[in-house]
Amino acid sequence: MSKEKTHVNIVVIGHVDSGKSTTTGHLIYKCGGVSKRVIDKMEEEAKTLGKPSFKYAYILDRLKSERERGITIDIALWKFESPH
């Protein structure tokens, strides 16, 4: 049997403040795209900024102004390979 994986492109759209970055960041984490260590670091930063629920969004929201304001300003592209 072939071990070739299927390539998938995912586009996430939605209203402002509907949780797109948080949901996508959580999906990336659950699929193995980032480590627990990275999530722990994002969680610590989110707590420091008074936004503990944003830890998954910070995977995609990398600009300082995005994290401080709690909104996504720039588009984010993320490429990773799942172990499945």
Side-chain angles (χ1 to χ4, degrees):
M1 291 186 81
S2 174
K3 295 284 185 178
E4 189 173 315
K5 295 180 181 180
T6 302
H7 178 86
V8 177
N9 289 314
I10 299 173
V11 177
V12 179
I13 58 173
H15 292 282
V16 173
D17 287 336
S18 63
K20 298 176 295 293
S21 292
T22 301
T23 301
T24 304
H26 200 170
L27 178 64
I28 290 168
Y29 170 64
K30 288 292 192 178
C31 290
V34 295
S35 68
K36 173 77 167 115
R37 184 181 64 79
V38 171
I39 289 297
D40 291 344
K41 181 181 173 187
M42 296 297 111
E43 184 173 27
E44 194 61 40
E45 184 173 347
K47 284 180 183 176
T48 300
L49 292 172
K51 298 173 175 33
S53 65
F54 283 56
K55 68 181 180 184
Y56 295 114
Y58 284 6
I59 294 170
L60 299 168
D61 295 345
R62 298 191 173 231
L63 300 175
K64 181 181 177 187
S65 57
E66 289 176 315
R67 292 179 178 187
E68 289 173 347
R69 294 171 58 193
I71 61 167
T72 302
I73 297 169
D74 199 7
I75 64 166
L77 303 173
W78 193 274
K79 183 176 182 177
F80 71 95
E81 185 172 323
S82 169
H84 306 290

Student: Taking atom CG of Leu27 and atom OG1 of Thr22, what is their separation to the nearest 0.5 Å?
Tutor: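 Separation between the atoms: 12.5 Å.
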
Student: Closest approach of Gly25 and Ile59, non-hydrogen atoms and distance?
Tutor: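 Nearest pair, atom of Gly25 first, then Ile59: O-CD1, 3.4 Å.
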
Student: Say you draw a straight line from OG1 of Thr72 to CG of Asp17; how long is it, rounded to the nearest 0.5 Å?
Tutor: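 Going from the OG1 atom of Thr72 to the CG atom of Asp17 covers 9.0 Å.
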
Student: Can you check whether Arg67's main-chain N or O pairs, donor with acceptor, with Tyr58's side chain at less than 3.5 Å?
Tutor: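 Here the side-chain-to-backbone pair exists.
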
Student: Does anything in residues 69-81 form a salt bridge (charged side-chain N to carboxylate O under 4.0 Å, His left out)? List the pairs, not counting sequence neighbours.
Tutor: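 Listed by first then second residue: Lys5-Glu81.
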
Student: In chain order, what residues pass the side chain to side chain contact (heavy atoms under 4.5 Å, CB included) check against Val8, with sequence neighbours excluded?
Tutor: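 Side chain to side chain contact (heavy atoms under 4.5 Å, CB included) list for Val8, sorted by chain: Thr6, Ile10.
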
Student: Which distance, rounded to the nearest 0.5 Å, do you find between the CZ of Phe54 and the CD1 of Ile71?
Tutor: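 Between atom CZ of Phe54 and atom CD1 of Ile71 there are 10.0 Å.
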
Student: When you compare the side chain of Leu60 with that of Thr24, does any pair of heavy atoms fall below 4.5 Å?
Tutor: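 Contact flag for Thr24/Leu60 side chains = yes.
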
Student: Taking only residues two or more places apart in sequence, or in another chain, which ones meet His15 in a side chain to side chain donor-acceptor pair (under 3.5 Å)?
Tutor: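 Testing His15 for side chain to side chain donor-acceptor pair (under 3.5 Å), a comparison that skips the adjacent residues, returns none.
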
Student: Please tabulate, for side-chain N and O atoms in residues 31-40, each donor-acceptor pair with protein atoms closer than 3.5 Å (sequence neighbours left out).
Tutor:
from	atom 1	to	atom 2	distance (Å)
Ser35	OG	Arg37	N	3.4
Ser35	OG	Val38	N	3.3
Lys36	NZ	Asp40	OD1	2.8

Student: Pairs in or reaching into residues 51-64: which pass salt bridge (charged side-chain N to carboxylate O under 4.0 Å, His left out), with residues at least two apart or in two chains?
Tutor: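 Every pair satisfying salt bridge (charged side-chain N to carboxylate O under 4.0 Å, His left out) with a residue in residues 51-64: Glu43-Lys55, Lys64-Glu68.
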
Student: Apply the hydrophobic cluster definition, ILVMFWY joined by side-chain contacts under 4.5 Å directly or through others, and give me every member besides Val11.
Tutor: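 Direct or chained contacts put Val11 with Ile13.
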
